Amino acid sequence: MKFSTVLASTFLTVGALASSCHPNYPCCNGCDVYYTDSEGEWGVENNNWCFINNSKCHPSSCKFEALGYSCCSSCGPVIYTDSDGKWGVENNNWCGIPDNCNGTTPRTTTTIRTTTTTTRKNYPSVTPSFFSNGNIYSNGQYQGEVQSSVNKLSGDLQQQASRVKYTPTAVWLAWDGAPGEVGKHLGAAGGNTAVFMMYWIPTRDCNSNASQGGASNLNDYKGYVDNVYNTFRSFSGSRIVVVVEPDTLGNMVTSQSNENCRRTAVIHKEALAYCINKFGSLNNVQVYLDAGHSAWLTGYEDETAALIKEILDMAPQGKIRGFSTNVSNFQPIAKEYAYHARLYDALEKVGVNNMRFIVDTSRNGVDVSEAFAKTKTWCNLVGTGFGERPKGNPDPVNMPLLDAYMWLKPPAESDGSSQGARADPVCARSDSLPGAPEAGSWFHDYFVQLLRNANPKF
Ligand code: BGC
């Protein structure tokens, strides 16, 4: 294998283990493909290369062929079941229902991903990001929240906790009065880069309960954007980063079977375009549109890129710097970066060029991606830890498309609760830490979990 992928130099242990998959490498446990070469498909597990297990990941495409039948082109309807499996009828002939059907039409990309990340040595260079030099603003609200936990702890853990306090986090503008707080933050930030999250889109969090809310109509939303915009304009010497509406784009791509999301898709496009058009016209602001995360939108890069193109075309006066990913999620950096590279390519195909990415590293210190893939529990997932500290791209050679690691979700602010007006069933699952308060409120027990599992340690 050639070590020419963008990930290559990150992984040091190579050629360690013969296996049934490869003479020098172990079999991967999972089926995520990071790289393909003349030998076959490669994955990355525990930061080491492994060889994709063909018999597991590419089982004989159709076991019914051995019986003299072809496989059905869709997953149903099932007409008959016997010891050989499930059967359907197509063009008046029996066909076997493929094994990977579970009642719905399979998107092979969700369980068996075959996309690859190959070297792109020469991405055109772009202007520096606002993260590339200087400091990032540490939000006083977060400092206070951490301090409340420091006060409850003792000994070593207390000392570690106090080191979390000044870590930069984004300021979420998640309620109608939030624009009134922007000036205070910019004044306190001075020459440091301040990061704001726009999070008040009408029918916010359309596919879940935990963060439902937002403006009651598009006009109110535009007023909210205008207020923030006017304050940004009056701080013309500031370095401001804006992340536009976490989850909205992702829900437009994958949640359209939910009536709540489908009804508002048109308004959501207009709202995103309005934001971009406004903020993207200011020189002191760099705008990132939120683009979900790798475990959500891998396999949907083309649909995502087409939608982005449509939205950008509706915002002719505004330019975006790129995209945020992994907001409030737990995916490891390598997987996020591989997704960035694929989305970049998909965007290039539709004429959206030179995009850059920031990744939320607030809670991805432990690689819980396998556990997450099984249950998709996004609410205060157990086992997680603080991840890399916010900083401008620390590895431009291997991750040329990355602008920064950033703590976009203030870690230990809750993702949601199983109780109360916005009770969400996902927060009641056994792999969601119990006792959580409402989304956005401080969750001391989660703070302790993140701190104990922090990687790097505090
Ligand atoms: C909540 C917001 C909160 C944000 C940051 C979201 O899940 O809905 O209210 O500001 O997280 O903690």
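Quick note: numbers below take in every heavy atom, side chains included, and nothing from hydrogens, waters or symmetry partners. This structure is a prediction, so every number in the text was calculated from the model and none was measured. Remember, it's 1-based here, ligands and their atoms both numbered in the order they're listed.
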query = Does some side-chain heavy atom of Trp442 sit less than 4.5 Å from a side-chain heavy atom of Ser149?
reply = yes
Any protein N/O atoms within less than 3.5 Å of an N/O atom in ligand 1? List the atom names and distances, or say none.
residue  : atom   : partner : partner atom : Å
ligand 1 : 7 (O)  : Ser211  : OG           : 3.1
ligand 1 : 7 (O)  : Lys409  : NZ           : 3.4
ligand 1 : 8 (O)  : Ser211  : OG           : 2.6
ligand 1 : 11 (O) : Lys409  : NZ           : 2.8
ligand 1 : 12 (O) : Lys409  : NZ           : 3.0
ligand 1 : 12 (O) : Glu413  : OE1          : 2.5

query = With side chains defined as the heavy atoms from C-beta onward, is the minimum distance between Glu301 and Tyr339 less than 4.5 Å?
reply = yes
key: Quiz item: cation-pi between Arg389 and Phe458, 6.0 Å / 45°   = yes
message = Taking ring pair (Phe, Tyr, Trp, His ring centres under 6.0 Å) as the definition, give me every residue that meets it alongside Tyr446, ordered by chain and number, with sequence neighbours left out.
response = Phe443
With Tyr142 via side-chain hydrogen bond (donor to acceptor under 3.5 Å, both in side chains) - residues at least two apart = none
message = Suppose the criterion is side chain to side chain donor-acceptor pair (under 3.5 Å): which pairs have a residue in residues 447-458, not counting sequence neighbours?
response = Thr384-Gln449
